[in-house]
Q: 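Input: one structure, supplied below.
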Amino acid sequence: MGDKVYYITTPIYYVNDAPHIGHFSTTVAADVLARFQRLRGREVLFATGTDEHAPKVAEAARQRGKEPQQFVDEIVQTYLQTWQETHIDYDDFVRTSEPRHKAVVTAAFERLRERGDIYRGIYEGWYCVPDETFWQESELIEGRCPNPECRRPVQKVQEENWFFRLSAYQDRLLEYYEAHPEVLQPDFRRNEVLSFIRSGLRDASITRSAYGWGIPVPDDPSKVIYVWFDALLNYITVAGYLQDEAKLRDVWPADVHLMAKDIFVRFHATLWPAILMGLELPLPRRLFAHGFWTVDGEKISKSKGNAINPRQLAAEVAERSGSSYDVVVDALRFFIFREVPFGLDGDFSTTGFVHRFNSDLANDLGNLVNRSISMLHRYYEGVVPAATPDPALVALAEPLVRDLPAALEELRFHQALDLIWGFISALNKYVDEQAPWRLAREERREELARVMYSVLDGVRLVAVAISPFMPVAAGEIWRQLGMPTPLAAQRWDEAMRPGGLPAATVTATAEPIFRRIEEKRRPAKEKPVAETTPAPAEKPAEPAQPTITFDEFQRLDLRVARIEAAERIPGANKLLKLTVNTGTDTRTVVAGIALWYAPEELVGRKVVLVCNLAPAKIRGVESQGMLLAADTEGRAVLLQPEQDVPVGSKVR
RNA sequence: GGCGGAGUAGCUCAGUGGUUAGAGCACACGGCUCAUACCCGUGGCGUCGUCAGUUCGACUCUGACCUCCGCUACCA
């Protein structure tokens with residue numbers, strides 16, 4: 001039994017995606033926290049991993065003629081390599097296909113089933129294959145998947161499944177969060193969780209028909225366990241659940257689960273704590289949801305191919321800069337927290353990165369290191385003189401030394417970097433005001449020694465403070481300073497005490513670490529760095545929609561109709577009530593297009609109508625048919641005949 | 001529509017019931033010369049979203065409204 005180990009996790013990443021800047025930010029955040037806690041002397045367990053059980057994965061493997069296991073083994077290499085090459089120092093990497101994890105999932109399932117939290121039921125609903133998601137009838141949009149990125153047809157399914165009694169935990173979850181509001185972070189997301197839970201939790205179907213991949217349901221080989229139930233349990237697999245009770249006691253509960261905002265409310269803040277309650281395990285101390293990155297103002301999307309691959313970007317920038325690849329990787333780690341407060345959305349642009357690289361790293365930090373060590377060589381042949389640090393400068397370091405721990409403890413990375421850069425600025429200003437070159441000229445040796453010592457000791461503090469963010473660059477500063485003990489062996493409380501730079505330390509020759517990048521004017525249509533991770537990381541093709549026969553197609557009664565009248569439906573902001581003439585009758589149709597079409601511009605327009613769609617009541621209005629519209633980035637664009645044709649014309 | 005949040009300098013944002021509202025970046029000018037053409041300093045006539053109210057006094061409190069964002073409902 002030791003002290004509580006600081007346990008931090010990233011989500012386990014879905015092997016269907018190649019790692020991009022989104023995964024990178026989550027993982028770097030965890031890495032920075034882990035390094036910082038180690039620096040503070042705490043024992044740390046930092047875990048990441050991969051989520052491998054999903055129908056899409058099995059399908060992609062099959063398309064390549066591979067066994068799923070072989071397929072994922074290959075893809076996992078991309079993650080391992082990416083983390084290695086971006087200085088991610090995790091302690092454990094968990095894969096859901098590992099035996100240790102399968103054992104945990106199986107046992108957790110059995111335990112919950114024994115206590116009645118998992119029961120057998122009939123699931124009836126609509127399933128979107130590509131999204132692997134079940135939907136309620138009422139959630140569908142025009143009979144299709146409601147996910148705006150998907151909108152593909154869904155299949156009606158009715159099957160027996162196992163359900164987790166999530167509804168039974170509604171009150172306990174609310175009580176828990178009311179008593180422990182600090183668990184849900186950032187605070188502005190707290191209400192989203194509470195209102196989601198208050199709106200009523202439904203039991204969750206946590207199994208699927210077996211498809212030859214995944215973890216089988218104990219005693220029911222016809223089913224496998226649904227990926228979300230499977231994946232969330234990775235957090236206790238790593239903690240030693242069922243395998244190492246002593247470790248579990250030291251490690252669990254997690255101190256921080258980090259994730260992007262899309263999987264916060266439903267999964268990490270609702271399903272996961274409920275499962276833990278069912279297993280009678282303590283809940284995580286903090287759930288932190290960060291924002292999304294856009295790239296040059298646009299959402300990251302596979303179709304745009306604008307995902308930023310951190311390794312590739314770093315390699316390209318290193319090429320332009322002349323700095324080493326590892327230093328540029330560190331710069332990228334720095335950038336994602338310097339640019340945007342962690343938790344909010346941010347925009348990534350290469351020009352923004354280059355800009356920060358030049359001003360914050362090359363000019364402010366790099367040049368500070370360079371000018372101070374260069375002067376030491378000029379005035380002292382590179383050997384640190386004996387002196388006490390200038391109290392004025394010590395005072396300037398005070399906010400950094402005092403406030404940085406709390407900033408990082410509370411995941412305020414942005415503020416942490418502000419503190420560090422505030423001190424860097426103070427050091428540059430100090431050099432300017434003290435003007436060591438003048439002291440040297442005027443032979444004021446004692447003052448010169450104190451100034452030089454103080455500045456270099458300040459640089460040492462900066463190196464320690466930035467080391468969780470930029471371990472390689474910090475190590476390089478450390479090396480140039482000639483520090484006798486390794487950076488990795490430093491402990492915060494001691495290392496951040498001013499005056500820790502030993503007299504007579506022999507510094508190395510000053511060499512620029514961050515080399516400025518020439519911002520040459522590039523063609524206006526410069527493309528962002530595209531994802532080009534080599535195979536095997538390529539994304540498997542999306543499964544094609546199931547084909548339908550010509551006869552099935554013929555069952556659709558599509559006709560050209562004219563809109564005779566249009567009005568808004570009160571209380572709904574997307575809906576219009578339309579009166580349309582189909583040639584044989586006049587009927588009412590409700591269409592969800594009010595955001596893009598004003599009622600008056602629709603009257604008289606010819607559109608394509610699905611005439612034999614079963615009527616449905618929407619907002620109290622019976623809709624007898626549906627307008628065809630193209631779906632583009634969540635917008636609806638009405639289809640209309642390219643030439644004028646009579647109302648009632650058949651469309652086929 | 002419901003719930004929540006935000007609207008402050010060209011940009012990104014900080015901020016407090018009370019004399020002249022701040023930071024960084026960008027821009028302009030000046031200084032220095034150790035250094036990676038760097039660093040340091042100086043400079044902005046900003047109606048602190050709109051309108052009303054509370055108050056001796058509001059950018060900071062209250063109400064209404066406008067705009068944007070998030071969650072949520074509607075999406076045949």
Side-chain angles (χ1 to χ4, degrees), chain A residues 137-144 146 148 151 186-196 198-199 261 264-266 289 291-292 321-323 338-341 344-347 352 355-356 358-379 414-415 418 421-422 424-441 448 451-452 455 510-517 569-576 589-595 609-610 612-629 631 634 636:
Chain A
E137 177 99 22
S138 64
E139 289 176 308
L140 300 183
I141 298 180
E142 293 156 16
R144 285 160 170 266
R151 292 291 158 83
D187 55 6
F188 61 83
R189 298 233 171 262
R190 200 170 295 145
N191 281 337
E192 294 178 12
V193 173
L194 295 177
S195 61
F196 173 72
R198 284 197 196 105
S199 75
K261 61 185 182 181
F264 180 64
V265 174
R266 284 160 198 266
F292 284 159
S321 151
S323 297
R338 178 65 163 163
E339 189 72 357
V340 174
L344 304 185
D345 292 347
D347 182 55
H355 198 249
R356 283 286 186 189
N358 282 344
S359 60
D360 289 352
L361 296 176
N363 293 351
D364 292 351
L365 172 58
N367 187 51
L368 170 69
V369 174
N370 194 251
R371 69 196 301 210
S372 51
I373 295 181
S374 296
M375 278 190 280
L376 191 73
H377 280 266
R378 175 175 295 222
Y379 306 133
H414 191 245
Q415 195 199 352
D418 258 357
W421 256 258
I424 290 171
S425 290
L427 282 166
N428 272 321
K429 186 172 177 176
Y430 180 81
V431 170
D432 199 63
E433 284 169 353
Q434 300 299 319
W437 47 92
R438 198 178 60 235
L439 299 175
R441 238 183 295 140
L448 179 62
V451 168
M452 287 310 302
V455 170
E511 279 172 55
I513 298 169
F514 304 99
R515 294 174 186 272
R516 293 177 59 78
I517 301 163
I569 295 179
N573 61 0
K574 278 198 189 173
L575 301 183
L576 291 182
V589 171
V590 175
I593 57 172
L595 292 179
L609 184 74
V610 184
N612 60 340
L613 193 66
K617 237 186 190 179
I618 297 147
R619 280 274 156 170
V621 179
E622 176 154 289
S623 179
Q624 304 157 308
M626 164 180 166
L627 299 192
L628 294 191
D631 219 325

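Because the structure is a prediction, the values reported are computed rather than measured. Below, chains carry the letters A, B, ... as their sequence lines are ordered, and counting in each starts from 1.
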Q: Output one line per pair: protein atom, nucleotide atom from nucleotides 68-70 of chain B, and distance, for all N/O pairs under 3.5 Å.
A:
unit_1: B:G70; atom_1: O2'; unit_2: A:Glu192; atom_2: OE2; d: 2.7

Q: Counting heavy atoms from C-beta on, name the nucleotide in B:A35, B:U33, B:C40 closest to the side chain of A:Lys429.
A: B:C40
Q: Calculate the interatomic distance between A:Leu376 atom CG and B:A35 atom P; express it in whole Å.
A: 13 Å
Q: Which dot-bracket string describes RNA chain B (Watson-Crick N1-N3 plus N6-O4 or O6-N4, or G-U N1-O2 and O6-N3, all under 3.5 Å; [ ] crossing; | other strand)?
A: (((((((..((((....[...)))).(((((.......))))).....(((((..]....))))))))))))....
Q: Calculate the interatomic distance between A:Asn191 atom CG and B:G2 atom C1'; express it in whole Å.
A: 13 Å
Q: Select from A:Ile424 and A:Phe514 the residue whose nearest nucleotide in RNA chain B is closer to the 5' end of that strand.
A: A:Phe514
Q: For A:Phe188, which residues count as a side chain to side chain contact (heavy atoms under 4.5 Å, CB included) partner, sequence neighbours excluded?
A: A:Pro186, A:Leu344
Q: What are the two closest non-hydrogen atoms of A:Glu433 and A:Arg438, and how far apart are they?
A: O-NH2, 4.2 Å
Q: What's the spacing between A:Ile424 CD1 and A:Asn363 CG if we round to 0.5 Å?
A: 12.0 Å
Q: Please list, for nucleotides 23-31 of chain B, all pairs of protein and nucleotide N/O atoms separated by less than 3.5 Å.
A:
none

Q: Could you check A:Val455 against A:Gln434 for side-chain contact (heavy atoms from CB on, under 4.5 Å), going step by step and ending with a plain yes or no?
A: CA-CA 10 Å; A:Val455 170; A:Gln434 300 299 319; over 6 Å; no
Q: How far does the P atom of B:U8 sit from the matching atom of B:G2, given to the nearest Å?
A: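 Here B:U8 and B:G2 have their P atoms 25 Å from each other.
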Q: Rounded to whole Å, please give me the gap between CD in A:Gln434 and C1' in B:A35.
A: 17 Å
Q: When rounded to the nearest Å, what value does the distance between P atoms of B:U54 and B:C11 take?
A: 35 Å
Q: What is the minimum heavy-atom distance between A:Asp360 and A:Trp421, and which atoms define it?
A: O-NE1, 3.1 Å
Q: More 5' along RNA chain B: A:Tyr379 or A:Val589, using each one's nearest nucleotide?
A: A:Tyr379
Q: Considering non-hydrogen atoms only, spot the tightest contact between A:Ala440 and A:Tyr379 and give its length.
A: CB-CE2, 3.4 Å
Q: Considering only atom C1', compute the distance from B:G10 to B:G44 and round it to an integer number of Å.
A: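 Rounded to whole Å, the distance is 11 Å.
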Q: Salt bridge (Lys or Arg N to Asp or Glu O under 4.0 Å) with A:Arg378: which residues, sequence neighbours excluded?
A: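 Not a single residue meets the salt bridge (Lys or Arg N to Asp or Glu O under 4.0 Å) criterion with A:Arg378.
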Q: Does A:Ile513 reach a base, just sugar-phosphate, or nothing at all? Heavy atoms under 4.0 Å.
A: base
Q: Atom CD1 of A:Ile373 and atom P of B:A35: how far apart are they, to the nearest Å?
A: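 Atom CD1 in A:Ile373 sits about 13 Å away from atom P in B:A35.
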Q: Rounded to the nearest 0.5 Å, how far apart are CG of A:Leu368 and CG of A:Leu427?
A: 5.5 Å
Q: I need the CG-P distance between A:Leu439 and B:C32, as an integer number of Å.
A: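 To the nearest whole Å, that distance equals 16 Å.
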Q: Quickly work out the A:Met626 CE to B:C75 C1' distance and round it to whole Å.
A: 10 Å
Q: Measure CG/A:Asn370 against C1'/B:U33 and give the value in whole Å, please.
A: 14 Å
Q: To the nearest 0.5 Å, tell me how far A:Arg190 CZ sits from A:Ser195 OG.
A: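 Taking CZ in A:Arg190 and OG in A:Ser195, the distance rounds to 13.0 Å.
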Q: Using the side-chain heavy atoms of A:Arg266, tell me which of these nucleotides is nearest: B:U72, B:C34, B:G4.
A: B:U72
Q: Nearest heavy-atom pair of A:Val589 and A:Gln624: which atoms, and what distance?
A: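 Taking every non-hydrogen atom into account, CG2-O, 3.7 Å.
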Q: Mind checking the P distance from B:G15 to B:G22? Whole angstroms is fine.
A: 15 Å
Q: Categorize A:Ser195 for me: base, sugar-phosphate, or nothing, with a 4.0 angstrom heavy-atom threshold over every strand shown.
A: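 Nothing: the residue A:Ser195, judged by heavy atoms under 4.0 Å, touches no strand.
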Q: Apply the test side-chain contact (heavy atoms from CB on, under 4.5 Å) to residues A:Val431 and A:Trp437: give CA-CA distance (whole Å), side-chain angles for both, the deciding distance (0.1 Å), then the verdict.
A: CA-CA 10 Å; A:Val431 170; A:Trp437 47 92; 3.9 Å; yes
Q: Using every non-hydrogen atom in the two residues, find where A:Ser323 and A:Ile513 come nearest and quote the distance to one decimal.
A: OG-O, 3.2 Å
Q: Could you check which of B:C40, B:U33, B:U36 has an atom nearest any side-chain atom of A:Arg516?
A: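 That would be B:U36.
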Q: Mind checking if A:Asn428 touches a base, just sugar-phosphate, or nothing, with heavy atoms under 4.0 Å?
A: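 If one applies the 4.0 Å heavy-atom cut-off, A:Asn428 turns out to touch the sugar-phosphate alone, with no base involved.
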Q: When the C1' atoms of B:A52 and B:A58 are compared, how many Å lie between them, rounded to an integer?
A: 14 Å
Q: Between A:Arg441 and B:U33, is there a side-chain N or O to OP1/OP2 distance below 4.0 Å?
A: yes
Q: In terms of side-chain heavy atoms of A:Asn363, which of B:U36, B:C34, B:C39 is nearest?
A: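 Ranking B:U36, B:C34, B:C39 by closest atom to the A:Asn363 side chain puts B:C39 first.
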Q: Without swapping roles, check the side chain of A:Asn358 against the backbone of A:Arg516 for a donor-acceptor pair under 3.5 Å.
A: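 It does not hold such a pair.
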Q: Just how far is it from atom CZ of A:Arg371 to atom CG of A:Asp432, taken to the nearest 0.5 Å?
A: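 Here the rounded value is 6.5 Å.
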Q: Could you list, one pair per line, each protein nitrogen or oxygen that sits under 3.5 Å from a nitrogen or oxygen of nucleotides 8-16 of chain B, together with the distance?
A:
none

Q: Can you tell me if A:Asp345 uses its side chain to pair, donor with acceptor, with the backbone of A:Phe292 under 3.5 Å?
A: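 Between the backbone of A:Phe292 and the side chain of A:Asp345 there is a qualifying donor-acceptor contact (under 3.5 Å).
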Q: If you look at every heavy atom in A:Met452 and A:Leu376, which pair is closest and at what distance?
A: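 The answer is CE-N, 3.7 Å.
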Q: Would you mind reading off the distance between A:His377 atom NE2 and B:U36 atom P, rounded to a whole angstrom?
A: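 Rounded to whole Å, this separation is 13 Å.
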Q: Determine the Euclidean distance between corresponding C1' atoms of B:G43 and B:C25; express it in Å to zero decimal places.
A: 16 Å
Q: Considering only atom P, compute the distance from B:C48 to B:A9 and round it to an integer number of Å.
A: 10 Å
Q: Taking the C1' atom of each, how far is B:A14 from B:G7, in whole Å?
A: 15 Å
Q: Do the side-chain N or O atoms of A:Arg378 get closer than 4.0 angstrom to the phosphate oxygens (OP1, OP2) of B:A35?
A: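 Indeed, a polar side-chain atom of A:Arg378 lies that close.
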